[in-house]
Amino acid sequence: MADDDPPFPTQVAQRLAAESLIVDVDGFEGPLDLLLTLSRTQKVDLRKVSVLALSEQYLRFVDKATELRIELAADYLVMAAWLAFLKSKLLLPPDPQADGPSADDLAAHLAFQLERLEAMRDAAARLMARNRLGRDTFARGTSEDVTKLRKVTYSASLLDLMQGYARVRTRDEFRPYAFDRKDVFTMEQALDQMRSVIAFAGDWTDLVSYLPQGWTAERQRRRSATAATFAASLEMAKQGQIELRQSATFAPISIRKKP
Amino acid sequence: MSETVHPKAREKTLFKAPPIGEQERMVEAILFASAEPVTLKDMAERMPLGCDPAEAVAYLRKRYEGRGVNVVRVGEAFAIRTAPDLGFLMQKETVEQRKLSRAAIETLAIIAYHQPATRAEIEEIRGVAVSRGTIDLLLELDWIRFGRRKMTPGRPVTFIVTEAFLDHFSLETARDLPGLRDLRAAGLLDSRSMPGEEDPDGEEEPLLNDDGQSELFKE
Amino acid sequence: MSETVHPKAREKTLFKAPPIGEQERMVEAILFASAEPVTLKDMAERMPLGCDPAEAVAYLRKRYEGRGVNVVRVGEAFAIRTAPDLGFLMQKETVEQRKLSRAAIETLAIIAYHQPATRAEIEEIRGVAVSRGTIDLLLELDWIRFGRRKMTPGRPVTFIVTEAFLDHFSLETARDLPGLRDLRAAGLLDSRSMPGEEDPDGEEEPLLNDDGQSELFKE
């Protein structure tokens, strides 16, 4: 479809972008987007982008923002910290003893991320430029509904009828067994309860303190709540959300949020 | 395919009207996409200057002769419509065999065994309210009908079973409905009756005999 | 005209299927009557027994090549749509295109190209959290829907694009997405995560590549 953009807006856009970088953090869809914009100033193929230079640009940007007392969202700061780390790694000679990914691997991955984001952005633009239904192509204006003639025939046999009758005549005697759950605290409840408070528990806390209110006085309720809370804590530990600790058999169990 | 027009033909419209083949395409698209029949005037307004929609429509009409859809004239306007002989394609008939719901079966059974039965009586026996839909369905199936009003306060309507009911269940009269004792004797009321549900049947032997059986079915 | 079939032909359906020319007319009528794409299965259900809608559609498609309306394929279904070069005639019918946010457009593209895609994968690619509203909007437009849950811890839900998406963007299948092949060849559709870090969905590489993506993008 028609491309409304002027032929080569890049230079102007770049200059505007460079200026707006300083003031307009809101214009970016996150740190990766900002990095992508910064990388454009290097005017190179994204595959050859200098991650080191890019890191410096980003860190400068963050500094400037701080100077101007622009509040940066947390993820921009996280990225800054990571880039600072990457920059130092890139500048130092590789440490053969260090385990974990090398600085080059990390840099290569960042370049890949930028390239991938840009590719998706191009793909999105191409998608939106396609012939679109309701704008370029059109569906039938008067669709005829298919009239659905649904004939339902019901079947019932004499046996159904007699059994039905017998059923209602004998129903009074029958009371289905129902488990009385008044004093049962379920694991699901315990999970909900713990998930809502675990975020505030930074340090080791006795599991007992997680028992819900109103479930600690009566013995039966307390037992049910304890069992459910313990089971829930195991589940959360399995999911990697918390850590469990017990110093000796039958000693109090404490938990904390996984740091 | 010989009439296929070069798609770029319309770009010349500033200078002269597009070839008639192209105009035909335009009319085709307009008629297709419009919710209402379109007048020649409307078409002319939408098409490039110098077009002759009347002629284009005439060609298009010819092209669709004998096809699955036709160009038809509706008053002063034109529209594309399904060919009359293919109307059957616009209907989808499905026959669905459905099992009568448990509520309906029980209601029907109570009416059959207790007729004439009022709604209050049905509800008392079933222990739950009878929904309007259940009664309506049974009426619609023509398995029950209204009987005489009961001579009690409020003169409630009663329900009785119909000929069609007897017919469906191969019964001569409602009296032929087997009594509970017969059912039990035939082993129909033991606990294997309804798989998959809590089954009250057959457990409480003594209850089966008593009052439930109305006078109609005395042995 | 030559293929025009005697309208009573269908009455013989108990004995044999109508001639293919007649079947083509039927498919034509069915597709014209529907604003939504119609599957071959739906057509077969509505046509007389023994018909071969696939063949009939193939003929019909050919017949409408270059015309004002075309037969297009949409996923597993077919629809008639106005020719793209005639969109200018349709100002009246033009649907106001909702202005989508950049986040929504990118999220849509990521789902289309990476499907089935989890929220974590989308976030990994865009580098920011995906807001609930963005996903809701795309769901509401009926351009994406939930796919199968991923067999990774947490069993995250996945998103895939819908037939309405294909229809809207004139795509026959998700394989026809612009540039898909090049992106794949360049490795840009691989799910690669930061070295030494867990994958967005907490799984090791191999698992991400199997199930989902394969069936949609098999070549």
Side-chain angles (χ1 to χ4, degrees), chain A residues 1 27-36 46-47 73 75-76 78-79 82 86 99-110 112-146 238-240, chain C residues 30-36 46 69-70 72 79-87 90 93-97 100 102-103 105-110 112-114 124-129 153-154 164 167-171 177-180 182-183 186-190 192-197 202:
Chain A
M1 283 289 93
F28 294 97
E29 298 254 339
L32 212 52
D33 182 35
L34 172 56
L35 273 169
L36 189 57
L46 272 177
R47 259 168 270 211
D75 44 357
Y76 286 87
V78 170
M79 179 62 91
W82 187 82
L86 179 61
D99 46 349
S102 73
D104 287 343
D105 288 347
L106 293 175
H109 186 75
L110 182 62
F112 167 75
Q113 279 180 299
L114 293 175
E115 198 189 345
R116 182 171 63 180
L117 179 60
E118 185 167 72
M120 277 301 112
R121 213 158 262 180
D122 289 349
R126 277 203 271 174
L127 190 64
M128 300 317 276
R130 286 185 65 83
N131 286 332
R132 292 174 59 183
L133 190 66
R135 187 186 71 182
D136 307 298
T137 65
F138 294 85
R140 180 74 165 129
T142 42
S143 55
E144 278 174 67
D145 281 333
V146 176
K238 196 171 111 193
Q239 291 171 358
Chain C
I30 291 174
L31 291 184
F32 260 90
S34 172
E36 306 289 320
R46 289 163 64 179
V69 295
N70 308 137
V72 298
I80 298 183
R81 298 284 177 251
T82 59
D85 66 309
L86 297 179
M90 253 48 88
E93 281 75 26
T94 302
V95 186
E96 190 62 49
Q97 304 277 337
L100 289 177
R102 189 165 142 190
I105 294 172
E106 285 177 19
T107 302
L108 178 66
I110 292 167
Y113 284 82
H114 287 82
E124 154 85 12
I125 293 172
R126 296 196 62 233
V128 275
D167 197 15
H168 186 92
F169 292 100
S170 305
L171 293 163
L177 283 165
L180 180 71
D182 295 339
L183 288 172
L188 290 169
L189 300 183
D190 298 349
R192 230 191 277 170
S193 52
M194 186 64 78
E197 244 179 57

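First the proteins, then the strands, lettered A, B, ... as listed; each starts at 1. As a basis for the values below, the full set of heavy atoms in this structure was taken, side chains included, without hydrogen atoms, waters or symmetry mates.
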* Asked: For A:Glu118, does the CD atom sit with more than 12 other heavy atoms under 6.0 Å from it, leaving out its own atoms?
  -> yes
* To do: Just do the side-chain contact (heavy atoms from CB on, under 4.5 Å) check on C:Ile110 and A:Arg121 with the steps written out, would you?
  => CA-CA 9 Å; C:Ile110 292 167; A:Arg121 213 158 262 180; over 6 Å; no
* To do: Would you mind checking if C:Glu124 and A:Arg116 are paired as a salt bridge, meaning a charged N to carboxylate O distance below 4.0 Å?
  => yes
* Give the member of C:Ala109, C:Gly179, C:Pro178, C:Ala186 that has the highest number of heavy-atom pairs under 4.5 Å with chain A. => C:Pro178
* Structure fact -> Turns out that what part of A:Asp75 lies under 4.5 Å from chain C's heavy atoms comes down to side chain
* Asked: Are any side-chain N or O atoms of A:Thr137 and backbone N or O atoms of C:Pro84, one a donor and one an acceptor, separated by less than 3.5 Å?
  -> no
* Before accepting this row, confirm whether a basic side-chain N of the pair C:Arg81/A:Asp136 lies closer than 4.0 Å to the acidic partner's carboxylate O. => no
* To do: Tell me, out of C:Leu188, C:Leu171, C:Leu183, who's got the most heavy-atom pairs with chain A below 4.5 Å.
  => C:Leu188
* Asked: Between A:Ala108, A:Ala119, A:Gly134, which has the largest tally of heavy atom pairs under 4.5 Å with chain C?
  -> A:Gly134
* To do: Examine whether an atom of C:Ala129 lies under 4.5 Å from a heavy atom of chain A, and if so say whether it belongs to the side chain, the backbone or both; otherwise answer neither.
  => neither
* To do: Output yes when a side-chain donor or acceptor of A:Arg140 lies under 3.5 Å from a complementary backbone atom of C:Ala33, and no otherwise.
  => no
* **Top contributor to chain C interface from A:Ala124, A:Ala125, A:Gly30 [non-hydrogen pairs under 4.5 Å]** => A:Ala124
* Asked: Can you say whether C:Ile125 sits under 4.5 Å from chain A via the side chain, the backbone, both, or neither, judging by heavy atoms?
  -> both
